[in-house]
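Before any comments, here is the structure.
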Amino acid sequence: MAVVARGGRGGGGGAPMGLRSIFSYRIFASAMLSLIFLAALKVLFTTHSYASDSDPDLPTTGNAYIHRTFLALKSDPLKTRLDLIHKQAHDHMMLVNAYAAYARKLKLDNSRQLKLYDELAQNFTELVSKPTYRAALFETDGAVDEEVLRQFEKEVKDKVKLARLLIADAKESYDNQLKIQKLKDTIFAVHEQLLKAKKNGAIASHIAAKSVPKSLHCLAMRLVGERIANPEKYEDEEPKPEFEDPALYHYAIFSENVIAVSVVVNSVVKNAKEPWKHVFHVVTDRMIVTAMKVWFKMRPINGGAHVEVKAIEDFNFLNPSYVPVLRQLESAKLQPLDSKVENATKDVTSAKFTDTKHSTLLAHLKFYLPEMYPNLHRVLLLDDDVVVQKDLTDLWNIDLDGKVNGAVETCFGSFHRYSHYLNFSHPLIGENFSPKACAWAYGMNIFDLDAWRREKCTETYHQWQNLNEDRTLWESGTLPPGLITFYSKTKSLDKSWHVVGLGYNPSISMDEIRNAAVIHFSGSMKPWLDIAINQYKELWTKYVDNDMEFVQMCNFGL
């Protein structure tokens, strides 16, 4: 009974609950419809209120879109167009004035651009202030005259166009980013031109320096012709005992240039206090040895100095089995022609490895002085592009402190350090040498041959030359292996003994040159070439034997 009773009460109460729910829903729906209706009325009345208002400002609350729609329907479209044109004119006038102000800041008061800016800004002002336009467009209470508006628009557009053109032309003068980019582009273009000019100049200079001038070729041919015409005059003589006398002053000169060697010898002898004590050992190529011998036969050295002329082939130990550079040159000859040309054009300096001066044994003879002259204790090595201006005998008396090589150092600041000549990224170089070590110059070097033999410097040179067969330790030349061979074995001499750079540097002080014992025309502009530096040329030509008939016949132009 209890269960039935609960179920009956529950069933009996269902109908009234449903009616109450339906009634509540209808009340809610009526209330929502009433609210929507009131909101619509509010919008309409609010819109009507703004539409009838004469205030041109648009409302910041309510349905702004409806407000603007009503205003647009009420406004004059020509006035809207006039406002846009007037605003455009005003904006461009402000822009022109801004550029004019910046031009004044840059002190361009007298420039054409500033005058154009001022004139254009004035034109905009005068255009807007024109009585015709003021009366018909800006001060009228009636409708805007469309014809006048069209004319005003045309004039504004013309001036806007002119303003934009003027600003576009001048923009890069005022836009720092554009200026920076333009400068970068200019620097890049100039740098490219400079690199190209340097490369072309280096190649041209290289060709001019390494080609045999016609006058030198003529001299050599005439000397050989003289030997053929008069063989009895130029028979080889027995070696003189002075050639091996260690008590005398011995010089080594390795060259193929007859006139250059004669200048070196003449300059030494003319400035020597005791010329008869000086002995010159000249070594040349077998193609030139006859010409060199004939020259010194025809033009004996004054003062009793002694000259020995030999060919490389006279030294039998100089063969590929002993000399690493000869083996490397032989292997280089086996390379295909295309690869040689490609390697030579990659870098102008790499061409040194294949030109006559640097690729032949003549340039490397300096590493064999103790074996070439076994009875001598000291030898002064002179390049063929030097001129001696003072007596050099004191060099044989300098205490080298047990060192092998006496030379003038060429470093200053970070320049001409070992790092400039050797590849310090290679572990063999980095582990054995200091990149900051000071380099020195070949051209005038006093060698203690006894110390050389004791230190086994030729063996050191061979070791490193073999290691550099692939040219990864240094690229070319004889200075890098010299720096390696005589590392910590070089005595620094006073700089007045040897001044370098007369073949490339036109800024050397003449006082420094006059005070030097030896001046060196190192570089491509040799004094016997047309490309020589003019202010230095006379220092060399005054030692040329111009009285020699073949020099006159070959037109040296000195």
Side-chain angles (χ1 to χ4, degrees), residues 195-196 198-210 254 320 323-367 383 385 405 407 409-411 414-443 445 457 460-487 490 500-501 503-504 520 522-526:
L195 290 179
K196 185 177 180 181
K198 279 186 174 181
K199 184 177 180 180
N200 292 338
I203 292 173
S205 178
H206 181 76
I207 293 172
K210 302 308 175 186
F254 308 138
V323 180
V325 73
L326 284 179
R327 290 198 303 274
Q328 292 167 8
L329 289 171
E330 287 297 323
S331 63
K333 288 180 181 178
L334 298 177
Q335 291 180 8
L337 179 62
D338 291 343
S339 65
K340 289 184 182 180
V341 173
E342 182 181 356
N343 292 335
T345 54
K346 283 181 180 177
D347 185 358
V348 174
T349 58
S350 68
K352 289 181 179 179
F353 192 75
T354 57
D355 71 39
T356 304
K357 178 71 175 177
H358 292 81
S359 65
T360 63
L361 181 58
L362 195 64
H364 292 259
L365 288 181
K366 56 177 68 77
F367 295 104
D383 280 358
D385 54 354
N405 174 29
E409 293 182 336
T410 57
C411 63
S414 61
F415 297 97
H416 295 282
R417 302 283 176 175
Y418 269 51
S419 59
H420 181 73
Y421 302 96
L422 303 174
N423 178 20
F424 275 86
S425 63
H426 197 290
L428 283 176
I429 297 295
E431 292 170 5
N432 290 280
F433 307 99
S434 168
K436 296 182 180 179
C438 188
W440 41 266
Y442 272 129
N445 305 80
C457 292
T460 301
Y461 160 69
H462 282 175
Q463 175 188 353
W464 286 98
Q465 191 68 45
N466 284 323
L467 290 171
N468 193 47
E469 186 165 2
D470 56 359
R471 289 193 292 165
T472 57
L473 306 184
W474 67 87
E475 282 199 0
S476 60
T478 58
L479 181 57
L483 296 176
I484 288 177
T485 301
F486 304 113
Y487 182 68
T490 297
V500 301
Y504 66 87
H520 190 176
S522 55
S524 298
M525 302 180 194
K526 303 301 184 186

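These numbers were taken from a predicted model, which means no experiment stands behind them. When reading the values below, keep in mind they use all heavy atoms of this one structure, side chains included, and skip hydrogens, waters and symmetry mates.
Between Leu483 and Trp474, every side-chain heavy-atom pair lies at or beyond the 4.5 Å cut-off. Looking at heavy atoms from C-beta onward, Pro481 lies out of side-chain contact with Trp464 at the 4.5 angstrom threshold. No side-chain heavy atom of Val323 sits under 4.5 Å from any side-chain heavy atom of His364. Residues Arg327 and Asn466 meet the side-chain proximity criterion, which asks for heavy atoms closer than 4.5 Å. The shortest distance between side-chain heavy atoms of Tyr487 and Ser434 falls below 4.5 Å. In this structure, the side chains of Tyr504 and Ser522 come closer than 4.5 Å at one or more pairs of heavy atoms. Under the 4.5 Å side-chain criterion, counting only non-hydrogen atoms from C-beta, Tyr461 is not in contact with Ile484. The shortest distance between side-chain heavy atoms of Trp440 and Asn445 falls below 4.5 Å.
Interatomic distance, CZ of Phe254 versus OG1 of Thr478, reported as 11.5 Å (0.5 Å rounding). Leu467 contributes atom CG, which lies 16.0 Å from atom CZ of Arg471 (distance to the nearest 0.5 angstrom). Separating the CZ atom in Arg417 from the CG atom in Leu422 is a distance of 14.0 Å, to the nearest 0.5 Å. The structure places SG of Cys411 at 12.5 Å from NZ of Lys436, a figure rounded to the nearest 0.5 Å. The distance from atom CG of Leu326 to atom CD of Gln465, rounded to the nearest 0.5 Å, is 10.0 Å. The distance from the CZ atom of Phe367 to the OG1 atom of Thr485 is 5.0 Å, given to the nearest 0.5 Å.
When all heavy atoms are compared, the tightest approach of His520 to Asp385 is NE2-OD1, 2.8 Å. What you find for Tyr418 and Cys438 is that their closest heavy atoms are CE1-O, 3.5 Å. Contact record, Thr472 with Asn468: N-OD1, 3.1 Å, taken as the closest heavy-atom pair.
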Pairs under 3.5 angstrom only: tabulate donor-acceptor contacts from the side chains of residues 425-432 to other protein residues two or more places apart or in another chain.
residue : atom : partner : partner atom : Å
Ser425  : OG   : Asn423  : OD1          : 2.4
Ser425  : OG   : Asn423  : ND2          : 3.4
His426  : ND1  : Leu428  : N            : 3.2
Asn432  : ND2  : Leu428  : O            : 2.6

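Judged as a salt bridge (charged side-chain N to carboxylate O under 4.0 Å, His left out), and not counting sequence neighbours, Asp383 has no contacts.
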